[in-house]
Amino acid sequence: MAGQGSGRRPGRPRAAARNSARGFASQRLPRKNDFSIGRRSFLAMASFAACSVVFTGKILFLQVIDDDRYLARAEATRERKYPVPAKRGTIYDRNGIVLATSTETRNVYADPRFVEDPTAVCAKLAQHLGGSVQEYEQLIRNPSSESFVYLKRQVDMAVVEALKADLAELELTGVFYEQSYRRDYPNGQIAGQVVGVCDVDGNGITGLELQYNEQLKGKDGYYWGEVGYKGTPIPDGVIEETDAVDGADIMCTLDVKMQAAVEQALAEGCEKLDTKDGSAVLMDAATGEVYAICSLPYMDPNDLAHADRESPSIKAITQAYEPGSVFKTVSALTLLETGTMTPQSEIYCPETIDADEYTVKDSHDRPAATMTLREILNQSSNVGISLSVEKMGFRPLYNNILKFGLNEPTGIDYPGESKGYMAEFKNWSRIAGYNITFGQGISVTPLQLTRFYAMIANDGVATTPHLLLEYPKTQEMPEYETKTVVTDEEALANIKSMLRTVVTDGTGKVANIDGFDVCAKTSTAEIADPEKGGYKKEVYNLAYAGFIDNSTSKLVCFVGANNVYGMRQTGDIFKAIMTTAIDQYSITPE
């Protein structure tokens, strides 16, 4: 039994020993895993503390140190700058009839960020604005259209209101509207070339719209407004505002009623002459005010899509040409001023004359004859005027061309005026001198010729052709230069008398008006052929320039038709215009 009581499994500790071992458990050496757990806990706590410091610092930086920058970003998302366009000034004719005006419209645009249903939105846009759904989807979905894209500009207010209502009813978002103006021209084609046209941004690009763009356009304003959910402007949410300053109105010298008559007469006359290229000018010689001016083809500023590429400018101002026989009046007046000849002075005129291997002859065959200066002008003799000026010397003619301003712009307030061309006198050959006496080898504009004939009608005083009459709001009237060019009263009386007999006895009979002293000169000018050299065969530039002397009016008129086959005239067009002027302005003989 004793053996059994003492029997234990080898290596098994007693209970007391186990308890003793438990009592000293805290003193035992730590195991390897115990170190790993403690270190992880420490690192976790340290990382949390570090993150807390960084996060707290960032908050302090954003809220205190960098507050302004982030505040600006926040405001940018709820504030937007809206343009307030200035209303462009109105253009009136001399009688107060509106030629150009601005109509309030809206530009329709989208912010693609807020377009939640592009297909539905684009369907409504196509329905109201025209165009296709695909076109609008391309605009809205274009990557470059991040927050703004124009859908259509200058849309009528009624159309905009209908579009707004439809979009609102379907709760379609992302489409917005800004104030704009569209330029309208109530008279359409009539005076369209003079008035000109504006681009879609409201800037003048031709005519008076361009010439007086700075005065007409005014100064745009703007306002900063708050926007709410999905970019919708908040009513009464204006933060800052600058008012727009509307443009100045201008009154021009045109008489739109007379302008319509001139345009019609020119168009009908050129149609009879089988040409689509012609010009007409009607100007007051006493003031320089242009009552009517036009060139074919005409332009309707309301329909630029169908405008001819040559129609925006008035070629009577912007294109110079070889004038032909209307220039003989320049030579004749010079002969009278220098005392070289009087209207009754005679000179022998052979059939032809030769110079520098060239031959000069009249437009119509005639036998050799002795002719007076009056007859030379009446019959428009190239040979006669050439020999007469050669007798005087070509230098006085050159000097008078300069004095009459036929080598320089008239100064009219219209963009793109041409000054023509004349060689320096040192480069004149004998044949060049001959040619210039009858309007070849020199180029001028119809307006330059009009100013020259106006100077004669105005007793030697040249005025500046112009289109601006006044600024109606301020009643400011610009001043224009006048200059006395010819002081020889006898020479002026003689040239008027000679121009009168051109109409009564010479080449200009077709434009004679019973009861009035019409003074004028005709022209059938050859056209240079740049491809073959020399001049074209049987194709001419025609002209008729003159005025009614001894009357209550000093209106002077030029009519030209270019590239006309055969030797014909524009005198009947001149007569139609001046007859209308007589009726409209109650012109009477003095």
Side-chain angles (χ1 to χ4, degrees), residues 91-97 99 191 194-195 207-208 211-212 215 249-259 261-262 279-294 314 316-317 403-406 408-414 417 445-472 474-487 489 492 496 499 516-520 545-559 574 577-578 580-590:
I91 301 177
Y92 300 93
D93 86 333
R94 65 186 304 111
N95 299 310
I97 297 174
L99 302 179
V194 183
V195 176
L208 294 179
Q211 183 73 27
Y212 291 104
Q215 293 86 343
D249 297 340
I250 64 172
M251 177 173 283
C252 69
T253 61
L254 294 183
D255 180 338
V256 71
K257 185 178 178 181
M258 192 69 221
Q259 177 77 25
V262 170
S279 295
V281 185
L282 184 67
M283 186 179 90
D284 188 338
T287 63
E289 296 170 10
V290 177
Y291 278 57
I293 186 167
C294 58
I314 302 173
I317 299 173
K403 183 176 76 169
F404 298 154
L406 289 165
E408 62 185 12
T410 67
I412 190 171
D413 46 344
Y414 188 87
E417 182 181 14
T445 66
L447 185 63
Q448 286 175 313
L449 286 172
T450 304
R451 180 180 62 174
F452 167 71
Y453 279 85
M455 179 271 295
I456 296 173
N458 198 35
D459 302 320
V461 178
T463 56
T464 302
H466 58 275
L467 292 162
L468 176 62
L469 188 60
E470 70 170 328
Y471 295 97
T474 62
Q475 295 185 333
E476 175 190 355
M477 299 184 69
E479 295 183 359
Y480 299 95
E481 180 184 9
T482 61
K483 181 169 58 176
T484 300
V485 176
V486 178
T487 57
E489 295 181 3
L492 286 168
K496 288 180 182 179
L499 291 172
F516 291 89
D517 293 340
V518 178
C519 302
F547 51 89
I548 300 175
D549 196 25
N550 302 318
S551 73
T552 56
S553 169
K554 288 189 175 181
L555 289 176
V556 59
C557 181
F558 172 95
V559 178
F574 174 96
I577 292 171
M578 295 304 280
T580 301
I582 289 170
D583 293 339
Q584 184 162 324
Y585 303 120
S586 301
I587 299 172
T588 57
E590 287 185 338

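Quick note: numbers below take in every heavy atom, side chains included, and nothing from hydrogens, waters or symmetry partners.
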Ser551 side chain vs Thr588 backbone, donor-acceptor pair below 3.5 Å
no
Heavy-atom donor-acceptor pair, Glu470 side chain to Ile250 backbone, under 3.5 Å
no
Using the rule given for side chain to side chain contact (heavy atoms under 4.5 Å, CB included), can you reason through Arg94 versus Glu289, listing the C-alpha separation, both sets of side-chain angles and the distance that settles it, and then say yes or no?
CA-CA 10 Å; Arg94 65 186 304 111; Glu289 296 170 10; 2.9 Å; yes
With under 30° as parallel and over 60° as perpendicular, where do the rings of Tyr471 and Tyr212 fit, or are they tilted in between?
perpendicular
So how far is it from Ile91 CD1 to Ile97 CD1, rounded to the nearest 0.5 Å?
14.5 Å
Taken to the nearest 0.5 Å, the spacing of Ile314 CD1 from Ile317 CD1 works out to 4.5 Å
Mind checking what makes side-chain contact (heavy atoms from CB on, under 4.5 Å) contact with Asp459, not counting sequence neighbours?
Lys496, Lys554
Pairing residues for Ala454 by the side-chain contact (heavy atoms from CB on, under 4.5 Å) criterion, not counting sequence neighbours:
Met283, Ala285, Val556
For Gly405, does its backbone N or O pair with a side-chain atom of Arg451 as donor and acceptor, under 3.5 Å?
yes
Kindly write out the residues that satisfy salt bridge (charged side-chain N to carboxylate O under 4.0 Å, His left out) with Asp413, not counting sequence neighbours, or none if the list is empty.
none
Could you work out, with ring-ring contact (aromatic ring centres under 6.0 Å, His included) as the rule, every residue matching Phe574, not counting sequence neighbours?
Tyr544
Working to the nearest 0.5 angstrom, can you tell me the gap between Ile412 CD1 and Thr464 OG1?
10.0 Å
Can any side-chain N or O of Asn458 pair as donor or acceptor with the backbone N or O of Gly460 at less than 3.5 Å?
no
Pairing residues for Thr253 by the side chain to side chain donor-acceptor pair (under 3.5 Å) criterion, not counting sequence neighbours:
none
Would you please test Leu555 and Ile587 for side chain to side chain contact (heavy atoms under 4.5 Å, CB included) and show each step?
CA-CA 10 Å; Leu555 289 176; Ile587 299 172; 4.2 Å; yes
Could you grab the distance from atom CZ of Phe404 to atom NZ of Lys483, nearest 0.5 Å is fine?
11.0 Å
Under the criterion side chain to side chain contact (heavy atoms under 4.5 Å, CB included), I'd like the reasoning laid out for Met258 against Ile577: C-alpha separation, chi angles, the key distance, then a yes or no.
CA-CA 9 Å; Met258 192 69 221; Ile577 292 171; 4.1 Å; yes
How many angstroms lie between OH in Tyr291 and CG in Asp255, if you round to the nearest 0.5 Å?
7.5 Å
Rounded to the nearest 0.5 Å, how far does OG1 of Thr410 lie from CG of Leu449?
11.5 Å
Who pairs with Phe547 by ring-ring contact (aromatic ring centres under 6.0 Å, His included), at least two apart in sequence or on another chain?
none
For Glu590, does the CD atom have more than 12 heavy-atom neighbours from other residues, nucleotides or ligands under 6.0 Å away?
yes
Any luck finding a side-chain donor-acceptor pair between Gln259 and Asp93 under 3.5 Å?
no
Under the criterion side chain to side chain contact (heavy atoms under 4.5 Å, CB included), I'd like the reasoning laid out for Val461 against Met455: C-alpha separation, chi angles, the key distance, then a yes or no.
CA-CA 5 Å; Val461 178; Met455 179 271 295; over 6 Å; no
